Student: 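Have a look at this one.
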Amino acid sequence: MAASSPTGPRRSSGAPPPAPAPAPATPFSTVIRTASHDQHTEAEHAPFMSNLLGGRLGVTAYRRYTEQLWFLYRALEDASGALAGDPVAGPFLRPELARTAELERDLAHLGGRSWRDGLAPLPATAAYADRVTACARDWPAGYVAHHYTRYLGDLSGGQIIRGTAEKTWGFARKGDGVRFYVFEDIANPAAFKRAYRALLDALPLDDLEKQRVVDECKLAFRLNTAVFRELGEQFPLSA
């Protein structure tokens, strides 16, 4: 008897084709930078900072801004001892980043030996520093968000501020008055920033916690903008 003809399409033999490889995950450092771009831009373009960088404000405004930085970096760096062994925040605590001593040297140059007398933070600065302290105490990943927004900014845009200050108010190049912006122990800032971003990419956090860190970065920029707003109220341009 003759064999019956096949009634359906002929099936190929062998294994099915492999599924396409999943797209590589976006590095967390890129996620943070992209997600907080709007808040970062708002801080950068605050009127006070635009006027400072434009050379339209006096050295007194620069000194007042530097005073606010001192309160913020004390909050960041006072926590470093307690967080040194933390698996999330600890790897970011590099001694070559420390800024408090440099700020104090700058402020002594700007205000003399008595620069601390009567010094108080602006309300927005106090709120910002309090938030940093709270994160350092209760939430190391949130502390990392503030660490990132401050120190990587100092290594990047902070250099523009240094150049403006040297040109506008006559400070010696990388000397007293602008030492906050000089990282003498970081020979290659570009390589250092790459290594820092690699630490962000390797943070041992799940997706939900990473989103919280992103939100904290946005908050950090908003807190910074609030400081600029209050400084702008103290140092408005003359009409």
Side-chain angles (χ1 to χ4, degrees), residues 32-33 35-77 99-100 102-112 115-133 145-183 216-239:
I32 292 176
R33 185 180 71 250
S36 61
H37 173 77
D38 290 348
Q39 292 78 14
H40 189 183
T41 300
E42 182 181 6
E44 283 184 329
H45 291 89
F48 173 81
M49 187 51 64
S50 296
N51 291 330
L52 194 74
L53 290 174
R56 295 183 289 274
L57 296 175
V59 71
T60 303
Y62 175 75
R63 173 184 169 182
R64 188 68 172 134
Y65 171 56
T66 305
E67 290 169 351
Q68 305 316 300
L69 294 176
W70 180 68
F71 288 105
L72 295 176
Y73 282 83
R74 277 207 315 169
L76 279 163
E77 294 173 8
R99 297 291 88 196
T100 300
E102 306 305 323
L103 282 164
E104 291 177 354
R105 188 167 176 176
D106 287 340
L107 288 168
H109 180 75
L110 291 163
W115 65 266
R116 284 184 175 86
D117 292 354
L119 181 60
L122 292 169
T125 304
Y128 191 172
D130 286 348
R131 180 60 186 175
V132 171
T133 299
H146 290 279
H147 194 279
Y148 157 76
T149 57
R150 296 283 358 155
Y151 290 104
L152 246 59
D154 300 334
L155 284 165
S156 301
Q159 302 312 302
I160 299 173
I161 300 174
R162 176 180 65 79
T164 297
E166 292 168 354
K167 178 181 178 181
T168 304
W169 301 298
F171 299 124
R173 185 176 184 273
K174 296 187 176 182
D176 290 344
V178 294
R179 291 190 181 277
F180 168 73
Y181 303 101
V182 180
F183 292 81
E216 193 68 22
C217 285
K218 295 178 181 180
L219 175 61
F221 286 124
R222 290 196 298 269
L223 291 167
N224 198 34
T225 300
V227 174
F228 290 154
R229 187 178 302 115
E230 291 187 3
L231 284 166
E233 292 168 358
Q234 283 199 350
F235 299 96
L237 285 179
S238 299

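Only a predicted model underlies this, so the values are computations on that prediction, with no experimental measurement involved. Hydrogens, waters and symmetry mates are skipped; everything else that's a heavy atom, side chains included, is used.
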Student: Can you name the nearest heavy-atom pair linking Thr133 to Ala75, along with the distance?
Tutor: OG1-CB, 3.8 Å
Student: Looking only at atom types and distance, does a side-chain atom of His40 sit under 3.5 Å from a main-chain N or O of Ser36, one as donor and one as acceptor?
Tutor: no
Student: If we only count heavy atoms from C-beta on, is the Met49 to His45 side-chain gap below 4.5 Å?
Tutor: no
Student: Tell me, do Cys217 and Arg33 make a side-chain contact under 4.5 Å, heavy atoms counted?
Tutor: no
Student: Roughly how far, to the nearest 0.5 Å, is the CG atom of Leu110 from the CD atom of Glu67?
Tutor: 8.5 Å
Student: Distance check, rounded to the nearest 0.5 Å: Leu103 atom CG versus Tyr181 atom OH?
Tutor: 8.0 Å
Student: Using 0.5 Å steps for rounding, measure from the CZ atom of Arg64 to the CG atom of Leu57.
Tutor: 14.0 Å
Student: Is the closest side-chain heavy-atom distance between Arg63 and Thr60 below 4.5 Å?
Tutor: no
Student: What class does the angle between the rings of Phe180 and Tyr73 fall in, given that below 30° is parallel, 30 to 60° is tilted and above 60° is perpendicular?
Tutor: perpendicular
Student: Any side-chain heavy-atom pair from Phe48 and Val227 closer than 4.5 angstrom?
Tutor: no
Student: About how many Å separate NE2 of His146 and CG of Leu72, when rounded to the nearest 0.5 Å?
Tutor: 10.5 Å
Student: Is Glu166 paired with Arg162 through a side-chain N to carboxylate O contact shorter than 4.0 Å?
Tutor: yes
Student: Counting neighbours of CG on Leu119 that are heavy atoms of other residues, nucleotides or ligands and sit closer than 6.0 Å, is the number greater than 12?
Tutor: yes
Student: Treating Asp106 as the side-chain partner and Arg179 as the backbone partner, does any N or O pair qualify as donor plus acceptor under 3.5 Å?
Tutor: yes
Student: Got Gln234 and Leu122 here, is their nearest side-chain heavy-atom distance under 4.5 Å?
Tutor: yes
Student: Is there side-chain contact between Arg150 and Asn224, with at least one heavy-atom pair below 4.5 Å?
Tutor: yes
Student: Identify the two heavy atoms, one from Gln39 and one from Ala35, that lie closest to each other, and give their separation to 0.1 Å.
Tutor: OE1-O, 3.6 Å
Student: Is the distance between the ring centroids of Tyr62 and Phe171 under 6.0 Å?
Tutor: yes
Student: Backbone N or O of Val182 within a donor-acceptor pair of the Glu102 side chain at under 3.5 Å?
Tutor: no
Student: Return the CD to NE2 distance between Glu44 and His37, rounded to the nearest 0.5 Å.
Tutor: 8.5 Å
Student: Can you name the residues that form a side chain to side chain contact (heavy atoms under 4.5 Å, CB included) with Glu104, not counting sequence neighbours?
Tutor: Trp70, Thr100, Trp115, Arg116
Student: With a 4.5 Å heavy-atom cut-off, do Leu52 and Thr164 have their side chains touching?
Tutor: no
Student: Quick one: pull up CG in Leu223 and CZ in Phe228 and give me the separation to the nearest 0.5 Å.
Tutor: 11.5 Å
Student: Main chain of Ala124, side chain of Glu230: is a donor-acceptor contact present, judged purely on distance under 3.5 Å?
Tutor: yes
Student: Considering all heavy atoms of both residues, which atom of Val178 and which atom of Ala172 are nearest to each other, and what is their separation?
Tutor: CG2-O, 3.9 Å
